[in-house]
S.K.: 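Below you'll find the structure I mean.
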Amino acid sequence: MTERLWLVGGVLLGPFLEPDSRTWWPALLLSLGLAVLVTGSLRGALGGWALWSHRSSVLDLKLLVARRLLGMLLPPASLGLGYALALALARGLDHTLGVPALPAPPGWALSAGYTLLLFVAWDLSRWLLHRLMHEVPLLWELHQVHHSAEVLTPLTFHRVHPLESVLYALRGALVSGALAGLVFWLWRGQVVELTVLGVNTLGLLLNAATGNLRHSHVWLRFPAPVERWLLSPAQHQLHHGLDPALQRCNHGTWLALWDRAAGTLRRAPEAPVALGLPPSERNHGHDLVSALLGPLGGVARRLGALLVLVSPVARAQEVSAEVPEEDEAPYSVTVVAPRGVPRVGGSAHAVSEEELERWGYDDIHRVLTKVPGVYVRGEDGFGLRPNIGMRGGSSDRSAKVALLQDGLPLAPAPYAAPAAYYFPLSSRLVGLEVFKGAASIRYGPQTIGGAINVLTRPVPTGPVASLDLAVGMRSTAELHGVAGTGDERRGVLLEAAHLSTRGFKELDVPAPTGFSRQDLSLKAAAGSSKTGLELALGYGRESSSETYLGLSASDFAQTPYRRYAASALDHMAWQHTEESLTWWLELDQGLTVRTAAYHRWLGRAWTKLNRFSGGPDLHDLLLLGGEGQSEVYLAILRGEEDSASSDQELMIGTNDRTFHNGGLQSTLLWSEQGRKLGSTLELGVRLHADDVVRLHTEDPYAMTDGALLATGGERLVTLDAHTRARALSVYLAEDARLGPLHVLPGVRFETIHTRLDEQSPRVQQVLLPGMGLYAEILPWLEVLTGVHRGFSPVPPGAPAEVRPETAYSGEAGLRLEQGQSRAEAIGFVSQYDNLTGQCTLSGGCTDSQLDQQFNGGEARVYGLETLAEQVWLLPHRLAVGGTLSWTYTRATFETGFVSEFPQWGPVTAGDPLPYLPAHQGTATLLCEHPRAGLALSATGRSAMRDSAGEEQPSVPGALQLDATLHVWPTDRIRAYASGTNLTDAVILESWRPFGARPAAPLQLSLGVEVGEPRTPRQAVLASRRGSSSW
Amino acid sequence: MVRTAGDLRGWLVLVALGAAALVQPLACNDGSKAPPPTADVLLELLADVGPEVVEPALLGASQSADALVAACLAWAEAESAGGDTSSARASAQEAWRGAMERWQEVEVLQIGPAASSLTAVAGLDLRDEVYSWPTTNPCRVDQETVYGGYAQPDFFEVSLVNSYGLDALETLLFSAPAVNACPGQVDINADGSWDTLGEDGVQQRRADYAVVVAGGVRDTIVSLQQAWSAQGGDFSGKVARGGEEGSPYASPEQALNAVFDALFYVELQTKDKKLARPLGLLDCAGTDCADEVETPVAGGSQVWIAANLRSFRALFTGGAGTGMDELVRSLGEEELADAVLSALDQADAAAAALTVPVDVAATTDPAPALALHAAIKGVTDLLKGDLATLLVLQVPSEAAGDND
């Protein structure tokens, strides 16, 4: 019995304990607080004993208790109705119309839309039923119970005849069920209502805010413009007025729209009105039994009247005649101003030729890791397949970074295949420019993280010749030769570079590893600084025995540089050509025009292990290991076990692709500089087209006695597609100088047409504003700030629901420079409206997912980039310097979802973005003399996640030490020794594409360069410029 | 408080209603209650998965594994004694068939420790330790027969799952005495070591090997029993308490997903790999499809399918306890629950009508096998369609508004 007493007690207290009830105790407390504010005192807010002991209030309470007890005795009228309706609707639509393939907006948008839709539909349905309760005489008999209240307290909310409650419950079930079924059918359960404590967020908020004051003695009006949209408590109290005309207005619960549309909206007057029903019009007395039975009698009478075909009074006609005109309260229409003024600006970072030469890196990843705000994900240990990201943008195949070479698009097809990669040999580079934040909107199409512009050797104005030869461990050989001549009117430059190594991985079976690369370029220029032409031609090739296949965790722990037998046939070959013709013209009025036509071609074929014919996913297998069958599949990869069934056959695919890109780009620069004021206006226009033809095939192989043997099975064509893109880009940037202040507004416009095979083209147009401010506050102190809208387009072939990646990004920082010291700190933040994941095979996607873009919804990236440099000039022409840089990044998803994108998986809000270290930094120590130089560096990063939704396993933190020693026996000869990963640390760089990938182990090289005379003194000074920002 | 006669009547009504509410729970126990709330049914279902479905199936598998061990021992002893060993071998074969049939009922129940560690919550790959099909390698078993690795104490630690388990036992018990499954270039044939053993030597070793493997099968099944039992790892309790501390499942719904995922064995393995592939309906272009059949040497593939269906039914109905059918009914979907059970009846009938192994049917009279495939598809279509919709769809909750 005690248990039942508790049960009954719980039911009776339910209206105060359940969050979906309006009289939930926290909502009552909030209402009380609001009432205190309105009435000015707690006593006034509570209303006094007379209010609560009023016969009307007592009947409120009794009706509440009676309804709750009846609810225990009778099954809920709407039990399962909503669910059944939803299910029937979803299935019925499935069976009749099929499963729709609608574009799926991001999860947060769907949920917000769904929540709003539900709220509006519920509100509308309540208004409709409420109005019917007044208009239909039969229903009015029931509704009188609610309107007979002579005083209002929050409990009056529960003063409802049980039959009326049934009708409202049925209404809720019908609306909820219909919408749930429809939305489920449309988006397959991707849509979740936004709830707080299991209750619709909007409903809960409004209930908590003013819901309990609707039935109260507290007269709370909203300003007139608000009451046209949201009903105030006073407007509902007016609806409870004694005057029947008042009862026919303000039927709504929250939104005033419905009453406005029906002409029944009334503003609340200044003072309360008398409440209740005239005794002659009520069908019940003041006691519980009468309130329960009286309406039933009224209903019976009405029904009886109907039976004898006596029509009741047509109340509806009266209503339309009697409802007074709504007060036309004055209100203003506000047009929301555009978000700020278009601006541009932002920070940038340069790596000089001296800096590149000092470290002599062959791996572009190593160069970029030293730049604050740039992250890389190693894969093969040489940077052959660059994965570069900036300020939170995904590093996967550098698809989210704008890559340029001498200001022209470097990627093979930046619009049609953003993840396609090509990078010139590092030895050919004489500088790098890294544009971050708002500075990146000059470039494109990727404008969120930033842009990287690699600079190649310019045409000389005098004779030049140099030869650089280096040899190193593991048969590494590097050769770089430059020859050229020129004067002020013309010049020519020929450059050749070679890099080869047998690599650091040991294959299980005899087969080649490593790679060989060659670059050849020719540049010729004629003209003057005023006008001229430059022609650049380039050819490159690579033959590399590289693979997607890494190692399992246990094998990595034992033999990190092993390569499985299953990768023995893997081989990449590509050839690349580039041509550009640039014309420049400088007019006397500070006007310069630079126009370039460019073309780039890349043909490549990568043959590599893709998957087991029917076994587990290679990434999962190597990441998670597993036992049982997994061990058999691992043994097959190692060549220790033969393929014994069709499931165990190894599918080795050749991804054959040909890329073209070409276009015309023109930049106009107009500069007017005064003593205190100045202006530099830059206008850029680019007409660009690119395409990629892909033919991907797979052949089955069987592992037999450690060797891969073709089974002779059918060749599968996994992808045969042609994707094309055309784009027109225009940007306008201004640098307005007002004394020490630079105001840097800018805007970029892009219109992009993309097409996959014969599918309908997709057209994307975007306007990207940006704004920067930069001021020299003191001779040694500069401050900068910038904000811009970033964009990453949708690649061709993506489903219609995929949206471009967009973000608002901002940065602010300061720089200090005095004497030989320099320091800077720049904070950055990017608020992604929709973070996207670009599917690449290297990222773990399948052919069918290739280039597809996945919506990740809202994400936020913020962090801090810091850099400090110090140089000490010592006696004996010695210079000692050092740099410290550290980047902190916090990048998290703001919504939860489950994604097919392999690097995300099941994401919950707050999960960090994968392959993005929270901490990354470099410390360097430089010691230079006119005849020698020594450089040491330590580069480290913290741990990273492999998949956003999975905490483990992760990619652990790492620290690498590098050093170089340079000696100039003569001004024309430089001998050098370099070492990377000096401690021979075993570093796990990535779990992708398949399994653990090591960074390169200790590598020592010796080299000699014979070339142009050099003033060693410059080297010291250059050390400070080597890593500069502006 | 009581000021009028009306007030008095009102209080009396309230007291009467309160009294009725107090006795109402008693009235509910007579079976006239409304359908119970779904959450309760879900918890009952999860509580019953272990004790009513998985543990009984493991018990049956364990008992038949004991019989298998005994029969293999008897065969090994008969081989040692010399003379006619055909009877002992036949008994071992029969015990294997019994053990396989029982195990095929456990096959569908890949929840938790039996399931793959790559794809399932709390998966430990123990299923593969008992039976790793389709990852089998008869040649590897024949090589082990010659090398004698099975006699080493660390055999199970150093060997792959295709060297032991019920699939390896098929090779050991049913292969023709003089024949091995390896191509000519494989060492045991190339170096003549297989031939050196001779027919008797091979059979002796196979019998000894079978004793070791049968013991391993039994031990793993016992491990699984312990993992599920309340006295051991209490995985039954962990499923029942999904969402609570100590359970690997983050919520009861995730535990239900594990049960639901297990049902898909019949779609992915039974329908597609055991039937569609050998029948040439799926992924079999250009090769001899019938070779892809389960247990090609011993036969019985049709029996294993029937056992899979029995196990599917047990998991769907919860055995003697609460099952997914009740969950479906509690959601007002009587017809769907009936439709699944009816489709299962048809699949069972079609399985009974297939009296020869699937590969034999494929090459002689494929009609019964195709009918069975269609019947199972009838079950799995409901599984993937209406049932999945039912379990995923949610109706939103509304904040109370006026008059609700």
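Just so it is clear, the structure is predicted and the values come from calculations on it, not from any experiment. Below, chains carry the letters A, B, ... as their sequence lines are ordered, and counting in each starts from 1. Values below: every heavy atom of this structure, side chains too, minus hydrogens, waters and symmetry copies.
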S.K.: Check each atom of A:Leu621 against the heavy atoms of chain B and say whether the ones under 4.5 Å are side chain, backbone, both or neither.
M.R.: both
S.K.: Rounded at 0.5 Å granularity, tell me how far CD1 in A:Ile636 sits from CG in B:Asn162.
M.R.: 8.0 Å
S.K.: Work out which heavy atom in A:Glu641 is nearest to a heavy atom in B:Asn137; give both atom names and the distance.
M.R.: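 Heavy atoms of A:Glu641 and B:Asn137 come nearest at OE2-ND2, 3.0 Å.
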S.K.: Looking at B:Pro134 and A:Gln629, what are the two nearest heavy atoms and their distance?
M.R.: CD-OE1, 4.0 Å
S.K.: Is it the backbone or the side chain of B:Thr119 that comes under 4.5 Å from a heavy atom of chain A, or both, or neither?
M.R.: neither
S.K.: Any side-chain heavy atom of A:Glu627 sitting closer than 4.5 Å to one from B:Asp128?
M.R.: no
S.K.: Quick check: closest heavy atoms across B:Leu160 and A:Ala635, and the distance to 0.1 Å?
M.R.: CD1-CB, 3.5 Å
S.K.: May I ask you to decide if B:Leu118's main-chain N or O and A:Asp620's side chain share a donor-acceptor pair within less than 3.5 Å?
M.R.: no
S.K.: Which region of A:Tyr633, side chain (C-beta onward) or backbone (N, CA, C, O), has a non-hydrogen atom less than 4.5 Å from a non-hydrogen atom of chain B, or is it both or neither?
M.R.: side chain
S.K.: Locate the shortest heavy-atom distance separating A:Ser646 from B:Glu292; write the atom from each residue and the value.
M.R.: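 Smallest heavy-atom distance, with atoms named: OG-OE2, 2.8 Å.
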S.K.: Do A:Gln648 and B:Thr135 have side-chain heavy atoms sitting under 4.5 Å apart?
M.R.: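 Sidechains of B:Thr135 and A:Gln648: in contact.
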S.K.: A quick test of your reading: do over 12 heavy atoms of other residues, nucleotides or ligands sit less than 6.0 Å from CD of B:Gln254?
M.R.: yes
S.K.: Of all the heavy-atom pairs spanning B:Arg277 and A:Asp647, show the shortest one and how long it is.
M.R.: NH2-OD1, 2.6 Å
S.K.: Applying the side-chain contact (heavy atoms from CB on, under 4.5 Å) criterion to B:Leu17, which one of A:Leu288, A:Val65, A:Leu70 satisfies it?
M.R.: A:Leu70
